[in-house]
Amino acid sequence: MKKDLLKNIQEKLITFPSFTWLLIFFLIPTLLVVLISFRTSDPFGNIGVGFTLSAYSEITNMSFLRILIRTLRLSFLNTIICLLLGIPVAYAIARMEKKWQQNLMLLIIVPFWTNFLIRIFAWKTLLHPEGFIGQTLTFLRLIPPGTPLLYNEGAVLLVLVYSFLPFAILPLYAAAEKFDFQLLEAARDLGSSGIQSFITIFLPGISVGIISATMIVFIPTLGSYVIPDLVGGPTCEMLGNRIARRVFTDRDLPRGSALSTVLILAVMIPFLIQILVRKSKKSGKISAVEALDK
Amino acid sequence: MKHSKFPLILTIIILTFIWAPIIILVANSFNASRFGTVWGGFTLQWYERLFADRNVWRSLENTLIVTGVSTVVSLVLGSLAGFALHRYKTKIQKVHMGIISIPLVIPDILMGMSLLLFFVSIGMPLSIVTIILGHITFCISFVAITILARLQDFDYKIVEAAKDLGAHGWTLFRKIYIPLLAPGLLAGAMLSITLSLDDFIVTFFTAGPGASTLTIHIYSMIRFGTPPVINALSTIFLMLTFLLALIYQRISRRKLN
């Protein structure tokens, strides 16, 4: 009894520091975002005293809807491209010898230890009309000289894929590495074609990796700010840019908070889907067991 | 057995895609031509200009303070959290796990925004202190998860054996726990150093006027500055990161042996 009490106190003592820290600097501030989105603002950039819905008036705006749709579109496309490129790479690496596997994964991860901004800047120089890619494409007569490659949605998507691909490959590889490749051989012996067994056996086999890769890419893309800011420009604003504009340019914190609340809701959707899928799977399994019992 | 060559070819293309921008950037930092399309001869002038820039030095100083302080604090808080999560399986720990894992997945901009509103609401002026508070907040979760993962393959038989042989208290902690947990602590520290050095968004939202870190400085250079100087700065940054990673690998390998 006394030992239990001691253990209990000990637990609270070790848990207290991190728990309190995150409560004060993470949980309360996040709730504050939602709260402040219902407050008024004054012309000096301060938060007013009254409560209002006016900060949300913006979200029915056509220009905002366009930004929201662009954000969702780019997030979906980025996730799909990262999966389409990442899955074959994870497959190829997982089939190699152990020593090669480690070296190749290192080759994929190492460039991403460099600063995030520097990588975006590298693309900015590459995509400059006078830059390497523009010059090569002009030389090959694929584009007329001086064609702008920067400041469009294509450029944003390219750099998004570049930035998130390794984060997709990591969980995909982790799942593919555990996959039993003999299953594919067996399927082939039984007459299934390569592509067929890849889709019906390999993909379900690495589903855990596919789900985590999707979450790792999709959610942060929804909140992108730097990439559309530096290679997209004003015509390719995403939700994050609009939030930053309300906060830094207009000094209107309630409006910035209202947009952040929209982002919070957008981020919650994939989580809810995941939970629902898991639940239905579970209940599916249970009903299967029940059916067997009968 | 014949395998399709497509995945392998795609892997090679992807590796080129990943490395090409970085290699071109390093090459251009030595390129005398301003716009990096043609090779204008070898030069060190961009490095000279970089070292002459006093703002770079000042922001480097701030970066070192921010990264140093936030790594130490988040290592202590994160290790305790990882330990608590591993040791106890109570309801409190379920909530604890929740509050630790959410910051891992939410977009940075939400954390930056919420911290900004928090500091504005309590009337705290934005400065290097608010940057440090922000960095600690996102580093704790990553350290906690790293420590938790390491503890999962921690062999408690060693602790039992040491106890049987009469070790307890401080000796047990210093001679058994610390050496066994050292790789985990090192991994946690490396992770929070990398995250803190790499962070832009949270810093951008919590930095007051004048409290510029290296990433903030790089950002304003990209927007308004001279490209070749950024190439030089990036190359130095790159070399430092590789060096750090190499040292880390050496140490962790030696620890394993």
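Sequence lines set the chain letters: A, B, ... in the order given, protein chains first and strands last, and positions in each chain run from 1. A quick note: this is a predicted structure, and the numbers were derived from the prediction, not measured.
Of all the listed residues (B:Val76, B:Leu104, B:Val105, B:Leu117), the one sharing the greatest number of non-hydrogen pairs under 4.5 Å with chain A is B:Leu117. Note: B:Leu15 leads B:Ile13, B:Leu238, B:Leu15, B:Asp108 in heavy-atom pairs under 4.5 Å with chain A. In terms of heavy-atom pairs under 4.5 angstrom with chain A, the leader among B:Thr194, B:Leu8, B:Thr215 is B:Thr215. Of all the listed residues (B:Leu85, B:Leu80, B:Leu116), the one sharing the greatest number of non-hydrogen pairs under 4.5 Å with chain A is B:Leu80. Options B:Pro21, B:Gly78, B:Ala81, B:Ala20 differ in how many heavy-atom pairs under 4.5 Å they form with chain A, and the most are formed by B:Pro21. Contacts with chain A were tallied for B:Ser234, B:Ser74, B:Ala84; B:Ser234 has the most, counting heavy-atom pairs under 4.5 Å.
In this structure, chain B has no heavy atom under 4.5 Å from any part of A:Leu259. With a threshold of 4.5 angstrom between heavy atoms, A:Ser257 approaches chain B through its backbone and through its side chain. With a 4.5 Å cut-off on non-hydrogen atoms, A:Leu230 touches chain B through its side chain but not through its backbone. B:Asp199 does not touch chain A: none of its heavy atoms, backbone or side chain, sits under 4.5 Å away. A:Leu165 touches chain B through its side chain: at least one heavy atom from C-beta onward sits under 4.5 Å away, while N, CA, C and O do not. Heavy atoms closer than 4.5 Å to chain B are found in the side chain of A:Phe271, but not in its backbone. In this structure, no portion of A:Met215 lies under 4.5 Å from any heavy atom of chain B. Both the backbone and the side chain of B:Tyr219 come within contact range of chain A, each with at least one heavy atom under 4.5 Å from a heavy atom of that chain. With a 4.5 Å cut-off on non-hydrogen atoms, A:Lys7 touches chain B through its backbone and its side chain both. With a threshold of 4.5 angstrom between heavy atoms, A:Ile87 does not approach chain B through any atom at all. Looking at A:Val267, the atoms closer than 4.5 Å to chain B (heavy atoms on both sides) all sit in the side chain, from C-beta outward.
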Practice problem: Verify side chain to side chain contact (heavy atoms under 4.5 Å, CB included) between B:Phe83 and A:Thr15, making sure each step is shown before the conclusion. | Solution: CA-CA 9 Å; B:Phe83 197 70; A:Thr15 313; over 6 Å; no
Practice problem: Walk me through it: do B:Leu110 and A:Ser260 pass the test side chain to side chain contact (heavy atoms under 4.5 Å, CB included)? | Solution: CA-CA 7 Å; B:Leu110 281 180; A:Ser260 306; 4.0 Å; yes
Exercise. Kindly indicate, with the supporting measurements, whether the criterion ring-ring contact (aromatic ring centres under 6.0 Å, His included) is fulfilled by B:Phe118 and A:Phe25.
Key: CA-CA 8 Å; B:Phe118 177 70; A:Phe25 292 105; 5.8 Å; yes
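Nearest heavy-atom pair, B:Ile109 versus A:Gly223, reported as atom, atom and distance to 0.1 Å: CG2-O, 3.6 Å. Closest approach of A:Ile36 and B:Ser121 over heavy atoms only: CD1-OG, 3.7 Å. B:Met113 and A:Leu253 get closest at one heavy-atom pair: CE-O, 4.1 Å. Nearest heavy atoms, A:Leu22 versus B:Ile140: CD1-CG2, 4.4 Å. Scanning both residues, A:Val226 and B:Ile201, for their nearest heavy atoms gives CG2-CD1, 3.7 Å. Considering every non-hydrogen atom in both B:His96 and A:Ser18, the closest pair reads NE2-OG, 2.9 Å.
Here A:Ile118 contributes atom CD1 and B:Ile218 contributes atom CD1; the two are 4.5 Å apart, rounded to the nearest 0.5 Å. Of the inter-residue distances, the one linking A:Lys12 atom NZ with B:Thr90 atom OG1 reads 8.5 Å to the nearest 0.5 angstrom. In this structure, the separation between CG on A:Asn115 and CG on B:Leu233 is 8.5 Å, given to the nearest 0.5 Å. With rounding to the nearest 0.5 Å, the separation of CD1 in B:Ile106 from CG in A:Leu222 is 12.5 Å. Expressed to the nearest 0.5 Å, how far CG of A:Leu104 lies from CD1 of B:Ile12 amounts to 9.0 Å. Rounded to the nearest 0.5 Å, atoms CD1 (A:Ile14) and CZ (B:Arg87) are 6.5 Å apart.
Only one option out of B:Ile24, B:Leu25, B:Asn28 pairs with A:Leu126 in a side-chain contact (heavy atoms from CB on, under 4.5 Å); it is B:Ile24.
Using modelled atom types, one side-chain atom of A:Tyr162 and one backbone atom of B:Ile18 make a donor-acceptor pair closer than 3.5 Å. A donor-acceptor distance shorter than 3.5 angstrom exists from the side chain of B:Trp19 to the backbone of A:Leu107, with no hydrogens or angles considered.
Between B:Leu133 and A:Trp21, the closest side-chain pair of non-hydrogen atoms falls below 4.5 Å.
Applying the ring pair (Phe, Tyr, Trp, His ring centres under 6.0 Å) test to A:Phe248 and every residue at least two apart in sequence or in another chain returns B:Phe204, B:Phe205. A:Asp229 pairs by the salt bridge (Lys or Arg N to Asp or Glu O under 4.0 Å) definition with B:Arg223, not counting sequence neighbours.
Side-chain rings of B:Phe17 and A:Trp123 approach one another, their centers coming within less than 6.0 Å.
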